[in-house]
2 protein chains.
Amino acid sequence: MIKKEEMPLCDVATTVQLIGSKWKTLIIRDLITGPKRNSELHRSLAGVSQKVLTASLTSMIEDGLVERIDFEKVPPHIEYQLTPLGESLLPVIEAMRKWGQFYKEQDLRR
Amino acid sequence: MIKKEEMPLCDVATTVQLIGSKWKTLIIRDLITGPKRNSELHRSLAGVSQKVLTASLTSMIEDGLVERIDFEKVPPHIEYQLTPLGESLLPVIEAMRKWGQFYKEQDLRR
DNA sequence: CAGAATCCTTCAGGATACTG
DNA sequence: CAGTATCCTGAAGGATTCTG
């Protein structure tokens, strides 16, 4: 018998686990257009708290999706950019974007 | 039951909100192969509680992704199947599946 | 068989203030 | 500017029992 914690996740679940949280897909979407600073993300992701933004970025760095670039300046200048692995998510994001748009159109017709 | 008075979400976030919860994508994946009964889903989604399964299905029915078919029998025979809208999620699920597989391969090479 | 009812735990997310 | 450090709340998820 396999414990739940050890239960192998299917490929779909792996993806959900990595980018399924509230803000991660939006962060990736923002980073697709190029590296961004903390303050830029905080502005474009209207509504995210600083804590959650940091936590999301840290988690994505650990997962190898995002890279943190420290320009070693004072005052601090740090940028976040997608790794090649992060960029490989583009088809997923795009599929989700297209479907979300499609769904909203369906919703209007009810 | 449906809270639609939230701030406008981008298309990507719409999709995440609809299928981003822990079990929904897995339910859809299971239903892609045809209608399933409650007990079948409860078995194939190893680890899900009855409450969460019901809640997920109810939510997906409200969102128009899943249809509940009552055969009006005793003992009860009820099946859940994807609506056309639910089936339209196939490309998203497939993109996530492919990427999840890709990610796990990357992970092994580190 | 399907799933409603109950009670409980966890934690993602949020608000705010502070620091190098 | 780029974060920590706290404290807090609600929602998601879970375990178990009961019922038509």
Interatomic distance, [X] [atom1] vs [N] [atom2] [rounded to whole Å]:
X: B:I78; N: C:dA4; atom1: CD1; atom2: C1'; answer: 13 Å
X: A:E40; N: D:dG3; atom1: CD; atom2: P; answer: 13 Å
X: A:I19; N: C:dA12; atom1: CD1; atom2: P; answer: 17 Å
X: B:L53; N: C:dA4; atom1: CG; atom2: C1'; answer: 13 Å
X: B:W23; N: D:dA12; atom1: CH2; atom2: C1'; answer: 12 Å
X: A:H77; N: D:dC1; atom1: NE2; atom2: P; answer: 11 Å
X: B:L45; N: D:dG14; atom1: CG; atom2: C1'; answer: 15 Å
X: A:H42; N: D:dG3; atom1: NE2; atom2: C1'; answer: 11 Å

Which nucleotide sits closest to the side chain of [X]: [options]?
X: B:P76; options: C:dA2, C:dG3, D:dA2; answer: C:dA2
X: B:Q50; options: C:dA4, D:dG3, D:dG14; answer: C:dA4
X: A:T54; options: D:dG3, C:dA15, D:dG13; answer: D:dG3
X: B:K22; options: D:dT6, D:dG13, D:dG20; answer: D:dG13
X: B:R68; options: D:dT4, C:dC1, C:dG3; answer: C:dG3

**OP:** Classify the side chain of B:K51 versus the base of C:dG3 as yes if they form a donor-acceptor pair under 3.5 Å and no if they do not.
**Re:**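 A donor-acceptor contact between them is absent.
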Under a plain distance cut-off of 3.5 Å, with no hydrogens placed, do [Y] and [X] share a side-chain donor-acceptor pair?
X: A:Q50; Y: A:N38; answer: yes
X: B:T25; Y: B:K22; answer: no
X: B:E40; Y: B:H42; answer: no
X: B:K24; Y: B:S59; answer: yes

Original post:
Can you tell which of A:L89, A:V12, A:D11 makes a side chain to side chain contact (heavy atoms under 4.5 Å, CB included) with B:W99?
Top reply: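 Of A:L89, A:V12, A:D11, side chain to side chain contact (heavy atoms under 4.5 Å, CB included) with B:W99 is met by A:L89 alone.
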[X] side chain N/O closer than 4.0 Å to the phosphate oxygens (OP1, OP2) of [N]?
X: A:S39; N: D:dA2; value: yes
X: A:R37; N: D:dC1; value: no
X: A:Y80; N: D:dC1; value: no

